[in-house]
Amino acid sequence: MDDENRGWVASEIERKWQAYWDEHGTNSFTDEELRTAENPFYNLMMFPYPSAEGLHVGNIYAFTGADVHGRYQRLRGKDVFEPIGFDAFGIHSENFALKVGRHPMDLIPSNIENFTRQLRRIGGMFDWGHVVDTTHPSYYRWTQWVFLKLFDAGLAERKEAPVNWCPSCMTVLANEQVIGGACERCDTPVEQRRIAQWFFRITDYAQRLLDNLDEIDWSETTTKAQRNWIGRSEGAEIAFPVVPHDELPGDGGSPTSVDPGAVRSVDGARMIRVFTTRPDTLFGATFMVLAPEHPLVDVLTSDAQRATVEAYRAKAAASDLVSRQKTDKTKTGVPTGGYCRNPATGEALPVWIADYVLMDYGTGAIMAVPGHDERDFEFATEFGLPIRRVIADGGEDAGTPLEEAASGDGTLVNSARFDGMSKDRAIRAITEWVGERGLGALRVNFRLHDWCISRQRYWGPPIPIVHCDGCGPVGVPEEQLPVVLPRVEDFKPLDDGISPLARDESWYRTECPTCGADARRETDVSDTFLDSGWYFLRYPNAGFDDRALDPEITGKWLPVDAYIGGNEHAVLHLLYARFLTMVLKDLGHIDFEEPFTQFRAHGLIIRNGAKMSKSKGNVIVPDPIIEEFGADTFRLYLMFLGPFEEGGDYRDEGIEGPRGFLSRVWDSVTCAEERAPDPDVERKLHQTIEQVTGQLADLQYNTSIAAMMEYLNVARAGGRTAARAEVEPLVVMLAPFAPHIAEELWEHLGHAGSIFDSAPWPDFDPEKTREDAVDLAVQVNGKLRGTVRIPAGADQATAEAAARAEENVLRYLNDGEIRRVIHVPDRLLNYVVT
RNA sequence: GCCGGGGUGGUGAAACCGGUAACCACAGGGGACUUAAAAUCCCCCGGGAGCAAUCCCUUGCGGGUUCGAAUCCCGCCCCCGGCACCA
């Protein structure tokens with residue numbers, strides 16, 4: 001708006017330089033250039049989902065922060081490859097298409113077009129020649145290729161798994177779509193179903209995924225989240241022999257104890273296997289609990305209990321996976337009527353089923369030690385089961401009853417010959433002791449589950465498998481890729497959990513690639529996380545139609561040097577990407593196993609102290625802001641809001657600061673005089689270069705900008721006109737944040753070509769950063785009593801002489817006797833007086 | 001409950017390795033220019049007392065270590081994010 005008042009017209013400059021970059025290929029590489037680059041630097045940001053609403057300010061914040069880093073590296077002499085793409089498959093797009101009643105194949109291209117327009121407008125250094133669109137057959141052809149590589153290596157397998165099922169919508173729901181046990185759309189209570197799905201065996205890589213975290217330079221918060229998710233725990237697997245029904249007393253009572261030595265592994269005998277982190281408490285196990293779905297439930301259940309057990313199992317199956325795992329509900333469960341033997345005591349323990357034991361963690365069965373586990377304690381209290389102390393922690397002895405579960409450290413009691421042993425020693429000793437009888441071994445367990453990649457949905461890449469009655473599941477031969485997603489007009493997920501693709505008979509009917517018999521295509525599509533799990537590998541190879549990865553180019557550019565993105569992807573996306581990279585390395589397609597050398601999570605932008613949301617109507621719409629202030633000002637303001645890795649609070653008025661700053665830079669540069677720099681200004685300049693150079697490398701953008709503002713205030717102090725040599729380096733330092741105005745000023749200063757090609761990053765001379773006088777704080781008993789200006793590097797005698805010349809200091813010194821003097825050169829002098 | 005990250009002026013935030021708390025901005029107040037407004041420029045701006053010099057208080061709360069603590073230690077409170085019946 002007030003362009004005529006600020007000497008520069010943002011929209012004109014921005015249009016001019018964006019056109020220049022396109023014409024001159026400033027930001028893009030040819031495939032030949034990718035091959036020959038000397039200082040490759042792969043600068044990556046998380047590609048967006050191209051929503052109909054357009055770029056969100058959170059996207060712009062992330063991209064700008066990443067772009068500043070890329071431009072900085074470029075000015076430091078790196079050949080920076082900074083690609084962008086679109087993560088356009090997935091439920092998000094599909095649900096939106098359903099909502100507006102249009103087809104995603106029609107919506108996505110226009111969304112991408114709009115995103116492209118906006119991305120160009122914010123002035124990112126994107127390589128528009130290497131764009132990736134996950135929904136384009138030229139991309140998902142290779143996504144399917146990745147699937148086949150895992151399939152061929154035995155890392156993709158089909159197995160049954162429980163899913164959330166809405167009986168009203170007749171569809172599978174993701175956990176996030178279940179609100180309080182009900183479908184988020186129709187409020188119908190959700191139930192569990194078991195259906196056959198494709199899984200990637202990521203658990204095979206659990207230990208490696210964990211170990212490598214020590215080697216990579218990632219935000220601490222992100223690696224912590226991954227460690228937590230992988231969830232390694234050390235413990236033991238212990239087997240409890242099932243007491244056969246014919247050994248049970250006829251009166252329905254419990255069988256008697258036997259000598260522990262007689263409890264041993266016998267071929268063919270059924271065992272209940274449990275995982276426990278506390279094998280030291282084995283003597284305290286007083287009952288067993290199996291998950292309702294546990295396969296041994298059938299054989300354990302007595303005739304008398306069968307009806308009760310079946311009813312409980314049915315109820316458990318009818319509840320959804322989310323509310324099943326709520327911790328705050330009262331424990332429920334029923335006895336099966338079956339028993340097994342505790343290998344430590346020889347006692348017969350009743351076996352219960354309860355939904356607090358989960359089939360998909362450990363072995364789906366636990367030994368219940370109510371004395372030393374909170375959940376087991378609660379369960380035992382609820383059902384009147386025995387609670388036995390086997391750990392004492394000093395104050396108590398073996399006989400002290402337990403008021404609550406004591407899960408801490410201590411010494412063993414009531415544990416026969418292990419009494420008196422410490423918890424940690426007993427873990428090993430007891431496991432070895434039962435191990436001698438074939439009933440136990442130390443074991444590591446992970447919380448991580450295999451990655452289910454099947455989606456009974458439409459908007460994704462078809463899984464490249466053909467089901468043949470004779471040959472089973474067969475991979476589609478590579479030369480037949482891509483398996484093109486057909487245009488299905490009725491893609492609403494209905495029917496009975498079967499993918500919409502199953503409605504297109506002409507598509508799914510095919511012949512078996514192996515035997516030629518009539519066969520049927522897999523009708524599920526794959527998870528969006530598979531698309532995003534390898535896109536960074538594809539960017540530099542986007543120009544090749546005949547191969548997924550060119551070895552030479554991939555070897556040169558990967559792994560990614562710097563990856564910036566949101567921490568909402570700390571676990572799934574970043575873990576899957578690491579897993580796929582490891583697999584592709586093991587299969588010989590690439591020669592590195594960690595995809596991102598450095599990862600930094602950016603913070604979130606809030607507005608006026610509140611989260612932005614559509615319902616609150618406080619969402620920042622970027623286009624009008626860019627319209628009014630220009631991309632440079634907007635970028636600069638976003639980066640000035642707060643520490644990049646923490647985010648910031650966007651306040652509309654705040655943009656005035658960076659706007660005024662850019663105007664003053666413009667004035668100072670366009671009016672600069674050809675003369676020698678002032679020594680004081682030059683000193684400040686060198687200090688500023690030192691600070692900005694160091695801080696930009698660490699993504700400390702807000703303080704870098706503050707330093708540049710401070711410098712300009714010095715260079716313009718008292719209304720003085722700056723010398724050219726005083727402001728030219730400032731233009732270069734500003735270029736990563738405000739690339740368009742920097743280009744224009746660089747040209748104004750008489751340079752040819754883009755500043756990013758021709759400008760050297762300014763050097764600072766440590767000699768010239770040195771102050772010759774400093775303000776020394778003078779304290780008496782730690783309280784500031786004066787400040788004296790003395791030569792830099794002055795010794796204590798000089799400092800004291802100056803300090804004692806201060807009237808106010810003397811006042812306090814005269815009060816008592818000086819006990820001690822602390823002198824920190826160039827900083828302070830502290831008199832300790834009594 | 002567990003794991004992260006935080007808590008500093010009216011606001012967003014600075015502060016090297018423990019060394020002058022509040023850089024840089026926003027908002028606010030005052031002034032210059034202007035017929036007027038906008039824009040621009042200059043000055044003030046944590047709280048309290050005082051004409052002033054200057055003094056006292058102040059980094060969520062309570063203790064501690066230290067000549068000296070926003071920073072280190074112990075014990076709490078609160079906010080944000082993630083995980084959560086994980087055996």
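In what follows, chains are A, B, ... by sequence order, proteins preceding strands, each numbered from 1.
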Sugar-phosphate or base contact per nucleotide [nucleotides 4-15 of chain B; S, B, -; heavy atom under 4.0 Å]: S------SBSS-

Once base and sugar-phosphate atoms are separated, protein heavy atoms under 4.0 Å mark nucleotides 49-56 of chain B, 5' to 3', with B, S and - as -----SSS

With RNA chain B as reference, determine whether A:Asn781 or A:Arg447 sits nearer its 5' end, using the nearest nucleotide of each. A:Asn781

Closest-nucleotide ordering on RNA chain B, the 5'-leading residue of A:Tyr361 and A:Gly654: A:Gly654

Give me the stems containing RNA chain B, sorted by first residue, counting only three or more consecutive Watson-Crick or G-U pairs with both distances under 3.5 Å; say none if there aren't any. B:1-7 with B:77-83, B:10-12 with B:24-26, B:28-32 with B:40-44, B:46-49 with B:54-57, B:60-64 with B:72-76

Work out how far the P atom of B:rU59 is from that of B:rU8, and round it to whole angstrom. 11 Å

What's the gap between B:rC77 and B:rA21 when it is taken at their P atoms, as a whole Å value? 31 Å

What contact category does A:Ser233 fall into here, base, sugar-phosphate, or nothing, at under 4.0 angstrom with non-hydrogen atoms? sugar-phosphate

What's A:Asn567 touching, base or sugar-phosphate or nothing? Going by heavy atoms closer than 4.0 Å. nothing

For the side chain of A:Lys611, starting at C-beta, report the closest nucleotide among B:rG81, B:rG68, B:rA87. B:rG81

Closest approach to the side chain of A:Arg827, judged atom by atom: which nucleotide of B:rC24, B:rC85, B:rG19 is it? B:rG19

Please work out whether the ring planes of [X] and [Y] are parallel, tilted or perpendicular, with thresholds of 30° and 60°.
{"X": "A:Trp451", "Y": "A:Tyr576", "answer": "parallel"}
{"X": "A:Phe383", "Y": "A:Phe379", "answer": "tilted"}
{"X": "A:Phe644", "Y": "A:Tyr61", "answer": "tilted"}

Would the base of B:rC41 count as contacting A:Arg664 through its side chain, where contact means a donor and an acceptor less than 3.5 Å apart? no

Charged N to carboxylate O below 4.0 Å: is that the case for [X] and [Y]?
{"X": "A:Glu234", "Y": "A:Arg232", "answer": "yes"}
{"X": "A:Arg659", "Y": "A:Glu628", "answer": "no"}
{"X": "A:Asp680", "Y": "A:Arg683", "answer": "yes"}

If the glycosidic angle is within 90 degrees of 0 it's syn, otherwise anti, so just tell me which one B:rG30 is. anti

